[in-house]
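Letters A, B, ... mirror the listed sequences (proteins, then strands); counts begin at 1.
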Amino acid sequence: MTTITLRPDQPFDLDRTLSCGQAFRWEKVEGWWQGIVDGRAIRIRQDERHLTFSGVDTGFVRDYFRLDQDLPAILSSIDRDPVIAAAIRECRGLRLARQQPWECLVSYICATNTNIPAVKRRVALMAERFGRPVDGPFGTAYTFPEPEVLASVSRADLRDCRLGYRTDYVSSTAAFATEHPDWAERIAALTFEDARQALMEFRGVGPKAADCVLLFAFGFFEAFPVDVWIHRIMAETYLPDLTGKSCTPRDYERIRRFARDHFGEYAGYAQEYLYCVRDRAGQKRGGR
DNA sequence: TTCCAGGTGTAAA
DNA sequence: TTTACACATGGA
């Protein structure tokens, strides 16, 4: 068990960071967050300025939660209007975690046209059934299965993880990643737009999933994923002439260009802060 | 029962 | 090039 003291000038809110829906393998149990990251079972909690954890070392925690990233500077750079200002006030301390590319890619393929609890369930099932068991601070946990494992699993067994029509997408993506083990390094070396195009060559990965993976795994902070919630918020506040509930490819392009111009190079942080307050920002719909 | 959820692929217009 | 529709799943 390790305890570190956070710098007073660098806000961090563990609860918001882990409950905002960016990562799918964390669960809060009796005051402790339990998760599996990069093959390690982690237990962590926050008490004011103190972070207490086991399962990993301090360097891992600092790296995963990007504790060395200057959050106040980022937040002041995106703080361009009253709507984002309110989100920043409410969620200050939310940080973008550094996810593993492979797990992140598969997770967001599993996140299309569905909801967060269902995604968590799918990812958990894949790990329990095909991952490697590891002993951790909270009993036996399961790593997220490597590409070659998912590639070798039968479609029927994958489908049993409640993947539905996404089964073939995950399967073919796993086959590609198995054949090209350096896929992530190659994407990381590209420019933002090129990396985006490269990710969209995976079956089941469109603009939204690509932007999520770029933002949450590859550290492209200009990525601005547009899901139904973000589309709704943009239509209701920033781009009122956006009509219709569906987000056409043209709408998507327009929104992400606007966001990049309006919020700047850390537009992805703005996206996550807006997403975090989605139930309040989208007044159009009743509580949710 | 119907609608909705961190959308995407495909065929038709 | 844009539009329309199907798609598995589960909670509200």
Side-chain angles (χ1 to χ4, degrees), chain A residues 16-26 87 91 94 96-97 99 101 103-126 129 155-173 176 196-218 220-221 223-236 242-256 259 267-288:
Chain A
R16 283 207 204 283
T17 298
L18 292 180
S19 65
C20 70
Q22 56 176 320
F24 301 105
R25 298 211 66 200
W26 288 96
C91 303
L94 164 61
L96 293 180
Q99 298 189 41
E103 178 179 329
C104 188
L105 175 62
V106 175
S107 296
Y108 280 95
I109 287 175
C110 293
T112 64
N113 197 26
T114 187
N115 50 45
I116 291 173
V119 181
K120 286 185 164 179
R121 181 172 182 212
R122 292 176 185 127
V123 176
L125 283 171
M126 281 188 280
R129 295 182 182 180
R155 303 283 167 117
D157 286 345
L158 251 193
R159 197 176 300 274
D160 275 347
C161 297
R162 322 313 292 164
L163 297 194
Y165 66 89
R166 307 164 191 82
T167 303
D168 287 346
Y169 301 158
V170 171
S171 195
S172 70
T173 296
F176 182 92
R196 194 168 186 267
Q197 289 305 314
L199 279 172
M200 286 195 289
E201 288 183 20
F202 288 104
R203 283 182 52 76
V205 178
K208 192 275 177 179
D211 284 333
C212 285
V213 177
L214 290 167
L215 181 62
F216 300 135
F218 287 100
F220 284 102
F221 299 107
F224 193 85
V226 181
D227 71 333
V228 294
W229 292 102
I230 293 296
H231 179 256
R232 196 172 290 146
I233 292 168
M234 297 306 278
E236 286 171 2
L242 269 180
T243 52
K245 33 198 304 184
S246 70
C247 184
T248 68
R250 246 209 340 249
D251 292 341
Y252 196 111
E253 277 305 296
R254 190 169 156 223
I255 291 170
R256 79 181 184 102
Y269 262 92
Q271 190 274 359
E272 204 54 15
Y273 273 69
L274 291 173
Y275 187 79
C276 191
V277 298
R278 61 192 177 280
D279 49 339
R280 266 138 301 192
Q283 325 93 314
K284 207 57 189 254
R285 323 186 58 73
R288 191 128 183 82

Below 4.0 Å: OP1/OP2 of C/dG10 and any side-chain N or O of A/R121 = yes

| task | Decide yes or no, distance alone: a donor-acceptor N/O pair under 3.5 angstrom between the base of B/dG7 and the side-chain of A/Y252. | result | no

Smallest heavy-atom separation, A/H231 atom then A/D251 atom, equals NE2-OD2, 4.1 Å

Between CD of A/Q197 and P of B/dT8 the distance, given in whole Å, is 13 Å

B/dA11 and C/dA8, which share atom name P, separated by this distance in whole Å: 15 Å

note: A/R155, atom CZ; C/dC7, atom C1'; distance rounded to Å ~ 16 Å

Taking atom P in both C/dA6 and B/dT2, what distance in whole Å separates the two?
15 Å

To the nearest angstrom, the CG-P distance between A/D251 and C/dA4 comes to 13 Å

Taken to the nearest whole Å, CZ/A/R166 to C1'/C/dA8 is 6 Å

Between CH2 of A/W229 and C1' of B/dA5 the distance, given in whole Å, is 8 Å

Can you find a pair of side-chain heavy atoms, one from A/P207 and one from A/R196, that are under 4.5 Å apart? yes

When every non-hydrogen atom of A/T112 is compared with those of A/G204, the smallest separation belongs to CG2-O, 4.3 Å

Here the distance between atom C1' of B/dA5 and atom CZ of A/F24, to the nearest Å, is 12 Å

In this structure, OG1 of A/T173 is separated from CG of A/L199 (nearest 0.5 Å) by 10.0 Å

Between CZ of A/R159 and C1' of C/dA8 the distance, given in whole Å, is 9 Å

Under 4.0 Å: is that the gap between some side-chain N or O of A/R122 and OP1 or OP2 of C/dT9?
no

The correct set of residues in residues 110-117 of chain A placing a heavy atom under 4.0 Å from DNA chain C is A/N113, A/N115

Taken in chain and number order and not counting sequence neighbours, the residues that satisfy ring pair (Phe, Tyr, Trp, His ring centres under 6.0 Å) with A/Y269 are A/F221

Closest to the side chain of A/R162, out of B/dT8, C/dG10, C/dA8, is C/dG10

Using a cut-off of under 3.5 Å, enumerate the N/O to N/O pairs linking the protein to nucleotides 9-13 of chain B.
from: B/dG9; atom 1: OP1; to: A/G204; atom 2: N; distance (Å): 2.8
from: B/dT10; atom 1: OP1; to: A/R203; atom 2: NH1; distance (Å): 3.3

In this structure, OG of A/S107 is separated from CD of A/Q99 (nearest 0.5 Å) by 7.0 Å

Between A/A97 and A/Q22, the two heavy atoms sitting closest are N-OE1, 3.1 Å

What one should report as the nearest heavy-atom pair of A/C276 and A/L94 is CB-CD2, 4.2 Å

note: A/D160, atom CG; C/dT9, atom P; distance rounded to Å ~ 9 Å

Geometric class of the A/Y165/A/Y169 ring pair [parallel <30°, tilted 30-60°, perpendicular >60°]:
perpendicular

